[in-house]
Colleague: 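My questions all concern the structure below.
Per chain, numbering begins at 1; letters A, B, ... match sequence-line order. Atom set for the values below is all heavy atoms of this structure, side chains included, hydrogens, waters and symmetry mates excluded.
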2 protein chains.
Amino acid sequence: MASLQRSVNVGGEITSFVGGDRGNWQIEAMTTIIGGALDTSTHLDMISDGTQPVGTDHVWVLQGVPSYHRYVNRREHDLLTAGKPALGRPEATCAALIPIKKSESWWALPQDERRAILEEQSQHIQIGLRYVPAVARRLYHCHDLGGPFDFLTWFEYAPQHRGLFNELTQRLRDSQEWHYVEREVDIRLVRR
Amino acid sequence: MASLQRSVNVGGEITSFVGGDRGNWQIEAMTTIIGGALDTSTHLDMISDGTQPVGTDHVWVLQGVPSYHRYVNRREHDLLTAGKPALGRPEATCAALIPIKKSESWWALPQDERRAILEEQSQHIQIGLRYVPAVARRLYHCHDLGGPFDFLTWFEYAPQHRGLFNELTQRLRDSQEWHYVEREVDIRLVRR
């Protein structure tokens with residue numbers, strides 16, 4: 001599930017995160033960090049087979065696609081690939097879904113300046129690597145899909161690593177890069 | 001129409017290029033450069049208002065979104081912005097739509113290696129700048145949308161610049177970057 005093949009060149013393999021009153025994951029908390037809230041729901045279902053959620057019994061649907069790396073260099077790419085923990089580990093019964101939207105001023109920057117803010121100033125990639133293998137992570141892109149967010153990041157970890165995960169999210173939120181985040185919701189979940 | 005605002009942060013503003021028997025552009029030639037052909041059609045319509053083409057009287061629909069820059073640095077960004085010719089110039093009665101798809105091996109490369117191939121080895125950005133202002137260009141991204149191509153590039157130029165435009169496309173096709181192109185169709189058009 002976490003092989004390199006799945007993480008590249010899979011444009012169009014849409015994953016839907018469906019908030020509602022059923023699903024494999026129970027929502028423990030939804031915290032609006034900045035910008036507009038998402039409506040409250042009790043459960044989350046993840047649909048990765050490309051089908052669309054049907055009916056009207058969901059509260060919201062967020063969609064994204066795994067895609068190619070936008071910022072990592074060869075060294076970081078190899079470190080990320082070597083250390084990448086799988087999703088679906090039996091002990092990783094906690095998860096988080098964190099949708100974010102960045103500002104127009106972020107997207108108007110050229111590539112080299114976005115990279116410099118993300119890594120040289122904010123150590124985004126380095127920080128993520130420090131919490132491997134405790135925290136497994138998968139990034140879904142949605143900027144080009146036109147929804148309300150630019151990225152949906154999914155994290156999985158064991159209950160004893162809740163504190164570590166809180167530390168990870170706090171470090172990122174304290175970074176220069178986060179000045180460009182204009183909407184962020186932090187959804188914490190446990191496997192049913 | 002060619003302002004900076006339109007070229008950034010417009011995820012979801014889908015443009016549809018519709019091949020069929022009607023539209024504002026008449027198709028003069030469709031050449032399959034590599035990979036599968038597109039079915040023959042006589043006209044092309046461009047729908048940029050976000051609506052979807054309806055009915056079954058079209059032969060194909062290719063969709064993409066203007067998006068943020070993936071490779072340009074600040075210097076290139078400023079050169080591109082300063083010299084960017086507008087679309088829709090009255091004298092630019094010739095156009096080309098060139099959809100391309102790149103290989104899995106391209107998308108599996110880290111960002112720094114893709115950038116090095118695209119610009120340091122292939123001078124993609126520099127070559128494009130040499131044909132400004134004769135050739136106006138707009139790039140639509142579709143990798144994350146899951147269609148048959150990764151990019152749709154739209155070009156407009158005056159009839160006396162046909163030769164220049166052929167030179168531009170040939171230079172790019174001769175570059176290292178083009179080794180990663182596995183599907184390309186070259187559609188030439190004239191305004192009706």
Side-chain angles (χ1 to χ4, degrees), chain A residues 3-15 50 52 63-81 101-119 125 139-152 180 182, chain B residues 3-15 50 52 63-81 101-119 125 139-152 180 182:
Chain A
S3 78
L4 182 62
Q5 288 310 309
R6 268 197 62 108
S7 70
V8 295
N9 194 31
V10 281
E13 287 192 11
I14 285 187
T15 292
Q52 300 289 317
Q63 298 186 307
V65 290
S67 190
Y68 57 97
H69 290 298
R70 303 301 206 266
Y71 300 105
V72 301
N73 61 29
R74 165 61 64 189
R75 192 183 61 80
E76 293 154 353
H77 175 277
D78 293 347
L79 284 171
L80 286 166
T81 305
K101 179 178 179 63
K102 284 180 171 171
S103 65
E104 286 204 30
S105 61
W106 171 262
W107 295 113
L109 292 173
Q111 167 70 23
D112 57 340
E113 294 184 7
R114 276 184 276 114
R115 156 76 198 190
I117 295 165
L118 183 130
E119 190 58 16
I125 299 163
L139 179 63
Y140 298 85
H141 289 257
C142 38
H143 177 278
D144 288 356
L145 304 186
F149 295 99
D150 294 321
F151 308 99
L152 313 173
Y180 294 90
E182 62 177 31
Chain B
S3 75
L4 182 65
Q5 288 311 309
R6 267 199 63 107
S7 71
V8 296
N9 196 30
V10 282
E13 285 191 13
I14 285 187
T15 291
Q52 300 290 315
Q63 298 186 307
V65 289
S67 190
Y68 57 98
H69 291 299
R70 303 303 206 264
Y71 300 106
V72 300
N73 61 32
R74 165 60 64 187
R75 192 184 59 83
E76 294 153 354
H77 174 276
D78 292 347
L79 284 170
L80 286 166
T81 305
K101 179 181 177 61
K102 285 182 171 170
S103 65
E104 286 204 30
S105 62
W106 171 263
W107 296 113
L109 291 173
Q111 166 71 22
D112 58 341
E113 295 185 8
R114 275 183 277 114
R115 156 76 198 190
I117 295 166
L118 183 130
E119 190 57 17
I125 298 161
L139 179 62
Y140 298 86
H141 289 258
C142 38
H143 177 279
D144 288 357
L145 303 187
F149 295 98
D150 293 322
F151 308 99
L152 313 173
Y180 294 91
E182 62 176 33

Colleague: Run the ring pair (Phe, Tyr, Trp, His ring centres under 6.0 Å) test against B:Tyr71 and tell me which residues pass, sequence neighbours left out.
Modeller: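 For B:Tyr71 there are no ring pair (Phe, Tyr, Trp, His ring centres under 6.0 Å) partners, ignoring immediate neighbours.
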Colleague: Check the angle between the aromatic planes of B:Trp107 and A:Tyr68 and answer parallel, tilted or perpendicular using the 30° and 60° thresholds.
Modeller: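 Tilted, since the angle between the ring planes falls between 30° and 60°.
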Colleague: Okay, side chain of B:Asp144, backbone of A:Leu145: is any donor-acceptor separation there less than 3.5 Å?
Modeller: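 No, the answer is negative, given that no donor and acceptor are paired below the 3.5 Å cut-off.
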Colleague: Measuring from A:Arg70:CZ to B:Arg70:CZ, what's the distance to the nearest 0.5 Å?
Modeller: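 Reported value, rounded in 0.5 Å steps: 4.5 Å.
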Colleague: NE2 of A:His141 to NE2 of B:His143: how many Å apart, nearest 0.5 Å?
Modeller: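 Nearest 0.5 Å value for the NE2-NE2 distance: 9.5 Å.
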Colleague: Between B:Ala108 and A:His77, which heavy-atom pair has the shortest distance, and what is it?
Modeller: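 It is O-NE2, 3.5 Å.
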Colleague: I want to check something: taking the side chain as every heavy atom from C-beta on, are B:Glu76 and A:Pro110 in contact at a cut-off of under 4.5 Å?
Modeller: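 B:Glu76 vs A:Pro110: side chains apart.
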Colleague: Test of understanding: with side-chain contact (heavy atoms from CB on, under 4.5 Å), list the residues that count as partners of A:Leu79, not counting sequence neighbours.
Modeller: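 A:Arg75, A:Leu129.
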Colleague: Looking only at heavy atoms, which two atoms of A:Asp112 and B:Arg74 are closest? And how far apart?
Modeller: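 Closest approach of A:Asp112 to B:Arg74, heavy atoms only: OD1-N, 3.1 Å.
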Colleague: Write down the atom of A:His69, the atom of B:Arg114, and the distance for their closest heavy-atom approach.
Modeller: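 Closest approach of A:His69 to B:Arg114: O-NH2, 2.5 Å.
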